[in-house]
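Everything quoted here is computed from the prediction, not taken from an experiment.
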Amino acid sequence: MEHLDLSAEAFTKPIDDYLRVATVSPEVALADVPTNVAHIQDAYSAAARQQAELVVMPELCLTGYTAADMFHNQHVIEQSLVGLQTLAEITQGGPALMVGAPLEHNGVLYNCGVVIANGEIVGAVPKSYLPNYKEFYEYRWFSSGKTIQNETLQIGEQAVPFGTDLLFNINGTKVGMEICEDMFAAISPGTTAALGGAEVVVNLSASNELIGKADYRRQLISNFTGRAICGYVYASSGRGESVADVIYGGHQVISENGRLSNERAPLSDDISPLLYDIDRTYLQHDRIVNKTFAEQALEQQAEHPYRQLEIAVPKPQSIIVERSIDAHPFVPSNPETLDARCEEIFNDLAHALAQRINDSCAEAIVLGLSGGLDSTLALLTATYACDLLGKPYNFVHTITMPGQASSHRTQSNADKLAFAIGTTQRVIAIDSLAQDFMQAIGHDQTTEDLTYENTQARIRTTLLMNYANMVHGFVEGTGDMSENAIGWCTYNGDHMSMFNPNGAVPKTLVSHLVRWYAERRADEKAAFILQDILDTPISPELTGKGDLSQTTEDIVGPYELTDFFLYEHLRYGSRPNKIGYLAVQAFEDKYDAETIAKWLDTFMRRFTGSQWKRDVMPNSTKIGSISESPRGDLRMAPNTSPNWYK
């Protein structure tokens with residue numbers, strides 16, 4: 001068994017986790033199959049040049065959707081068969097192709113999606129639900145194929161699998177198909193296909209444009225992929241369709257697991273292929289985790305088994321993936337979204353803290369205020385909770401506990417902030433206490449080792465706990481999710497509290513929350529102090545002479561990398577080599593592959609070795625898609641092998 005290659009070189013090689021899909025809406029000439037085949041060939045070639053593995057085109061694109069009674073013309077039907085065979089010839093050595101065509105079977109005409117690859121027509125799926133209301137008249141020309149299973153139809157010399165029970169395994173990704181109206185059904189063919197094993201559902205469509213309909217499609221598709229835990233590839237007809245009564249806009253949408261991943265808006269002038277790399281491993285991970293989906297999938301597969309057709313096509317050779325890789329997955333890039341996110345988080349954290357205050361009948365909140373970002377966020381959350389409960393800010397007791405390594409800047413900011421907000425503030429110097437503790441155990445009191453550092457952290461926690469007892473309150477924690485991930489805390493020191501809202505907040509988001517509070521809720525004096533705290537280097541201030549020379553990120557790595565690694569590791573269960581591969585692309589202008597390899601190894605080693613601390617974490621309300629709570633998301637053995645990821 002081979003170990004994972006976590007070298008910098010390995011992070012610059014392609015990985016096989018994706019299906020590169022492309023949508024195209026070529027111009028149609030109504031009922032003119034040879035012209036349409038030529039347009040499809042051009043569009044297919046453009047997608048092939050971009051290393052697509054699957055090219056999806058609209059419903060009835062061989063004839064045009066609005067050919068109307070021309071569907072009954074024998075020449076049009078025959079030309080469609082010839083056109084499919086012509087298209088089969090161009091797929092040799094290229095991507096798989098899905099096109100819409102009218103097909104006759106046993107004297108009945110069906111509106112079909114046809115899959116072509118490697119010079120052959122692989123399969124055909126008939127439309128299940130035909131719209132026959134308002135502007136639609138499909139039953140005039142076609143019949144429903146929803147009951148067709150385990151059948152074949154003849155196209156030239158080929159006996160082609162035919163039915164609604166087909167899945168197409170393209171380079172390891174299982175793909176199901178539905179056609180236009182099918183996706184509007186309460187229980188759609190795409191739903192049964194997803195439960196039957198399809199990780200991607202394609203929709204060959206001819207959906208006309210109406211006011212608000214594009215938004216409805218986006219919502220419908222995104223909601224579907226969230227519930228079915230799948231990808232969705234939607235291609236609708238556009239140019240050349242009849243505008244006698246309606247207009248077709250060529251809308252194209254690619255969605256993955258509840259998110260709109262890529263889109264070509266209706267009536268766009270851009271006719272190039274729309275590409276996206278769908279990550280099947282993300283989908284497989286979430287399906288494994290989601291037992292509700294798994295239970296329904298087992299029921300569906302027993303009742304409605306699918307025929308699976310294998311298709312192998314050339315894979316992309318480029319390292320660059322055709323999808324957005326968010327370097328800061330916890331921080332929305334859109335300012336308005338970030339603003340709303342910060343407000344929502346503060347509301348969640350403050351309501352949770354307020355509930356804990358009520359439940360415990362506490363007469364005070366006690367927290368250690370260091371002048372750093374994390375303790376500042378804890379204080380701001382406490383004031384928010386006081387507002388909810390109608391309590392004055394002096395209900396919050398802040399204690400600043402300077403030691404020998406504490407900087408004047410942070411201690412001054414802590415005092416100023418407490419005064420500006422109006423907390424009950426105390427300053428308790430810990431130098432003499434730390435010396436007494438170290439003397440008692442025989443430490444030389446000068447060697448700045450782990451004992452030297454942890455003694456200070458544990459003294460501070462002891463003071464906070466005892467003070468909380470005295471004022472009939474409880475200690476609010478300050479450690480954030482990123483620090484818990486890498487064990488950057490002292491066991492039974494800053495690691496411990498009675499309740500820790502910060503435990504759900506990643507480090508990369510902490511500064512944005514503090515900045516939001518400064519801009520939205522703080523008065524001018526407090527806002528000025530908060531800005532200086534934001535500008536202060538992150539340091540534990542446990543060694544040195546108060547000059548902030550002990551910089552956290554020099555020891556554990558940049559927090560933006562930590563949070564990127566953490567998100568991929570916990571949210572998707574990604575392999576460590578894939579995490580490095582994605583990080584190289586996400587941070588291509590900031591960190592080289594060697595730097596990423598170094599800090600990824602540091603993260604994996606520290607994360608694996610810190611579960612014993614997380615096992616006894618204080619309560620912390622989950623607010624995002626991941627959590628490290630041992631009572632919730634993360635059940636991990638503390639003796640997990642330190643070499644599991646190598």
Side-chain angles (χ1 to χ4, degrees), residues 1-22 47-54 93-95 170-173 199 231 254 256 261-262 273 275-285 312-331 333 482 485-486 508 553-554 556-608 642-646:
M1 185 177 294
E2 294 183 3
H3 290 294
L4 287 176
D5 186 354
L6 299 182
S7 67
E9 183 182 2
F11 297 164
T12 58
K13 296 178 180 178
I15 61 173
D16 186 24
D17 285 5
Y18 305 101
L19 178 70
R20 179 165 297 178
V21 299
R49 287 192 294 272
Q50 297 185 60
Q51 302 183 58
E53 296 168 88
L54 170 62
I170 304 175
N171 286 350
T173 301
E199 292 139 338
I254 302 173
E256 181 183 285
S261 304
N262 208 352
L275 270 72
Y276 192 75
D277 286 350
I278 293 176
D279 192 323
R280 66 173 169 274
T281 64
Y282 282 178
L283 302 170
Q284 290 165 355
H285 169 270
V313 297
K315 299 176 181 178
Q317 296 304 305
S318 171
I319 182 180
I320 306 300
V321 293
E322 287 286 343
R323 58 186 286 131
S324 173
I325 304 173
D326 193 348
H328 303 99
F330 295 110
V331 183
S333 57
S482 307
I486 56 178
T508 49
E553 291 181 300
D554 290 340
V556 299
Y559 273 116
E560 61 183 347
L561 285 180
T562 295
D563 282 357
F564 184 88
F565 301 154
L566 176 63
Y567 184 82
E568 281 292 324
H569 178 54
L570 288 188
R571 174 62 186 85
Y572 293 115
S574 295
R575 302 182 309 277
N577 63 326
K578 179 177 181 177
I579 297 174
Y581 168 84
L582 294 174
V584 165
Q585 296 180 61
F587 295 97
E588 61 177 339
D589 297 326
K590 195 165 186 179
Y591 306 108
D592 59 26
E594 288 76 15
T595 301
I596 287 170
K598 169 189 173 182
W599 293 123
L600 176 58
D601 183 69
T602 298
F603 170 82
M604 298 306 303
R605 174 173 49 80
R606 295 189 67 103
F607 182 89
T608 304
N643 297 314
W644 74 265
Y645 63 93
K646 296 180 180 179

Suppose we screen for side chain to side chain donor-acceptor pair (under 3.5 Å). Which residues come up paired with E594, at least two apart in sequence or across chains? none

Looking only at heavy atoms, the pair that brings A586 and A327 closest together is O-CB, 3.8 Å

Once rounded to the nearest 0.5 Å, what's the spacing between atom CD1 of I325 and atom OH of Y581? 7.0 Å

Kindly write out the residues that satisfy side-chain contact (heavy atoms from CB on, under 4.5 Å) with P95, not counting sequence neighbours, or none if the list is empty. Y44, A48, V55

List the residues meeting side chain to side chain donor-acceptor pair (under 3.5 Å) with E568, not counting sequence neighbours, and say none if there are none. Y282, S574

Would M604 and K646 satisfy side-chain contact (heavy atoms from CB on, under 4.5 Å), going step by step from the backbone distance to the final call? CA-CA 10 Å; M604 298 306 303; K646 296 180 180 179; over 6 Å; no

Hey, does P558 have a side-chain heavy atom less than 4.5 Å from the side chain of Y591? yes

To the nearest 0.5 Å, tell me how far L19 CG sits from L283 CG. 10.5 Å

Return the OH to CD1 distance between Y276 and I254, rounded to the nearest 0.5 Å. 8.5 Å

Could you give the distance from OG1 (T281) to OH (Y18), rounded to the nearest 0.5 Å? 6.5 Å

List for me each residue that meets salt bridge (Lys or Arg N to Asp or Glu O under 4.0 Å) alongside E256, sequence neighbours excluded, and say none if there are none. R323

Set of residues satisfying side-chain contact (heavy atoms from CB on, under 4.5 Å) with respect to E588, sequence neighbours excluded: none

The side-chain contact (heavy atoms from CB on, under 4.5 Å) partners of Q51 (sequence neighbours excluded) come to R20, P316, Q317, S318

Report the C-alpha separation of T595 and W599 in whole Å, then their side-chain angles, then the decisive distance to 0.1 Å, and conclude whether the side-chain contact (heavy atoms from CB on, under 4.5 Å) test is met. CA-CA 6 Å; T595 301; W599 293 123; 3.6 Å; yes

Salt-bridge present (R280, D16; N to O < 4.0 Å): yes

At what distance, to the nearest 0.5 angstrom, does CZ of F11 lie from CG of L582? 10.5 Å

Side chain to side chain donor-acceptor pair (under 3.5 Å) against S324, all qualifying residues, sequence neighbours excluded: none

How long is the span from the CZ atom in F587 to the CG atom in L561, to the nearest 0.5 Å? 5.0 Å

Grab the two heavy atoms, one from L6 and one from A597, that are nearest each other, plus how far apart they are. O-CB, 3.8 Å

A312 meets the side-chain contact (heavy atoms from CB on, under 4.5 Å) criterion, sequence neighbours left out, with N171

Would you say that R575 contacts D17 through its side chain, given a criterion of any heavy-atom pair below 4.5 Å between the two side chains? yes

By salt bridge (Lys or Arg N to Asp or Glu O under 4.0 Å), E53 pairs with (sequence neighbours left out) none

Nearest heavy-atom pair of V331 and T508: which atoms, and what distance? CG2-O, 3.5 Å

Those residues at least two apart in sequence (or on a different chain) that pass side chain to side chain donor-acceptor pair (under 3.5 Å) with S261 are none

Can you confirm whether or not the ring centre of F565 sits under 6.0 Å from the ring centre of F607? no

Check P314 against G94 and note the closest heavy-atom contact, atom names and distance. CD-O, 3.5 Å

Kindly give the heavy-atom pair with the smallest separation between I319 and Q585, and that separation in Å. O-NE2, 3.0 Å

Which residues pass the salt bridge (Lys or Arg N to Asp or Glu O under 4.0 Å) test with E560, not counting sequence neighbours? K590

Does some side-chain heavy atom of I486 sit less than 4.5 Å from a side-chain heavy atom of T562? yes

Taking every heavy atom of I579 against every heavy atom of F564, the minimum-distance pair comes out as O-CE2, 3.8 Å

Counterpart residues, salt bridge (Lys or Arg N to Asp or Glu O under 4.0 Å), relative to D279 (two or more places apart): K578

Is it true that a side-chain atom of D5 and a backbone atom of N577 form a donor plus acceptor pair closer than 3.5 Å? no

